There are 2 protein chains.
Amino acid sequence: MSKSNRSELSSDPEFLLITKALGVISGKWRLYIILLLGDQTLRYRQLSEMLPGVSEKVLASELKSLVALGVMKRTAYAEIPPRVEYSLTRKGQLALPILRKIQEIGQIFN
Amino acid sequence: MSKSNRSELSSDPEFLLITKALGVISGKWRLYIILLLGDQTLRYRQLSEMLPGVSEKVLASELKSLVALGVMKRTAYAEIPPRVEYSLTRKGQLALPILRKIQEIGQIFN
DNA sequence: CTGTATCCAAGGAGATACTG
DNA sequence: CAGTATCTCCTTGGATACAG
């Protein structure tokens with residue numbers, strides 16, 4: 001990383017990229033949820049069961065954020081009872097290999 | 001990521017790795033600071049000048065955390081005025097290529 | 001020069017009850 | 001089944017003054 005002195009970090013393109021990336025992965029559960037989904041398609045209930053200890057409110061808002069960020073897509077079926085499925089978007093799948101690499105960082109510092 | 005149902009996520013080794021990794025990179029400035037340092041050795045003042053808008057308290061506590069995590073090492077010289085140099089540890093250098101990759105995630109979601 | 005000590009505000013995360 | 005709505009913390013990040 002080379003740096004020319006700017007008066008504001010917010011005008012540094014690299015800083016903006018890093019901030020964007022952190023938006024995708026940071027949060028206590030966010031990265032874990034993405035890796036958990038992986039290449040699968042899962043229903044809300046399935047995700048919820050795979051995340052014991054994560055409250056409804058937290059899971060729902062994380063999923064909503066991930067959809068807004070363009071990481072996941074949400075597909076709702078007009079059935080009763082309701083069925084909603086989550087899967088990674090194309091962008092999410094593109095990022096997946098790098099996201100998996102992040103676990104290696106955990107290994108290095110163990 | 002395959003999941004067997006455990007009652008607690010905290011007993012899932014993958015969750016622990018991810019949490020550890022997040023500890024290294026998450027925080028508004030942490031990842032940026034690591035990449036900024038890169039292969040160089042820099043003094044406190046140099047880092048401070050490269051991070052306009054980051055207060056002394058925040059920079060100092062981030063550096064302290066990074067040292068505690070084993071990402072950076074701190075070398076103090078018994079001189080007047082004091083001189084302190086920061087550089088990546090071996091582990092930090094090991095992680096560096098992956099950390100750089102994280103910027104690509106920012107690119108994907110731009 | 002290289003940091004600490006305080007105090008404060010804002011947002012993230014959690015518990016619980018309720019709804020379409 | 002798939003979420004919202006509230007209400008509470010708790011932690012992170014920031015401003016500023018001070019210290020070794």
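Convention: sequence-line order gives letters A, B, ...; per-chain numbering from 1. None of these values were measured; they are calculated from a predicted model. Both backbone and side-chain heavy atoms feed into the values below; hydrogens, waters and symmetry mates do not.
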Sequence neighbours excluded - side chain to side chain donor-acceptor pair (under 3.5 Å) pairs with any residue from residues 81-96 of chain A: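 Counting only pairs at least two positions apart or across chains, the side chain to side chain donor-acceptor pair (under 3.5 Å) contacts touching residues 81-96 of chain A are A:Y77-A:E85, A:E79-A:R83, A:R83-A:E85.
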Find every protein N or O atom lying less than 3.5 Å from an N or O atom of nucleotides 1-3 of chain D, and list the pairs.
unit_1 : atom_1 : unit_2 : atom_2 : d
D:dC1  : O3'    : A:R43  : NH2    : 3.3
D:dC1  : O3'    : A:P82  : O      : 3.2
D:dA2  : OP1    : A:R43  : NE     : 3.2
D:dA2  : OP1    : A:R43  : NH2    : 3.1
D:dA2  : OP1    : A:V84  : N      : 3.3
D:dA2  : OP2    : A:R45  : N      : 3.0
D:dG3  : OP1    : A:R74  : NH1    : 2.2
D:dG3  : OP2    : A:Y86  : OH     : 2.8
D:dG3  : N7     : A:E56  : OE1    : 3.2

Pairing residues for A:S61 by the side-chain contact (heavy atoms from CB on, under 4.5 Å) criterion, not counting sequence neighbours: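 side-chain contact (heavy atoms from CB on, under 4.5 Å) check on A:S61 returns nothing, list empty.
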Rounded to whole Å, how long is the line connecting atom [atom1] of [X] with atom [atom2] of [N]?
X	N	atom1	atom2	result
B:M72	C:dT2	CE	C1'	16 Å
A:L59	C:dA15	CG	C1'	15 Å
B:L42	C:dT2	CG	C1'	15 Å

Main-chain N/O of B:V67 paired with B:K73 side-chain donor or acceptor, under 3.5 Å: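 Checked: no pair found.
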Distances under 3.5 Å between nitrogen or oxygen atoms of protein and nucleotides 9-13 of chain D:
unit_1 : atom_1 : unit_2 : atom_2 : d
D:dG13 : OP1    : B:K28  : N      : 2.6
D:dG13 : N7     : B:K57  : NZ     : 3.3

Candidate pair A:I18 and A:L22, rule side-chain contact (heavy atoms from CB on, under 4.5 Å), full reasoning: CA-CA 6 Å; A:I18 291 171; A:L22 287 178; 4.0 Å; yes
Contact check, side chains of A:M72 and A:L63, non-hydrogen atoms, under 4.5 Å: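 A:M72 vs A:L63: side chains touch.
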Sequence neighbours excluded and cut-off under 3.5 Å, please list the side-chain donor-acceptor pairs for residues 33-44 of chain B, or say none.
unit_1 : atom_1 : unit_2 : atom_2 : d
B:Q40  : NE2    : B:L36  : O      : 3.3
B:Y44  : OH     : B:E56  : OE1    : 2.9

Distance-only check: which donor-acceptor pairs under 3.5 Å involve side-chain atoms of residues 99-110 of chain A, not counting sequence neighbours?
none

Derivation and outcome, side-chain contact (heavy atoms from CB on, under 4.5 Å), residues A:Y32 and A:L51: CA-CA 9 Å; A:Y32 189 75; A:L51 295 160; 3.6 Å; yes
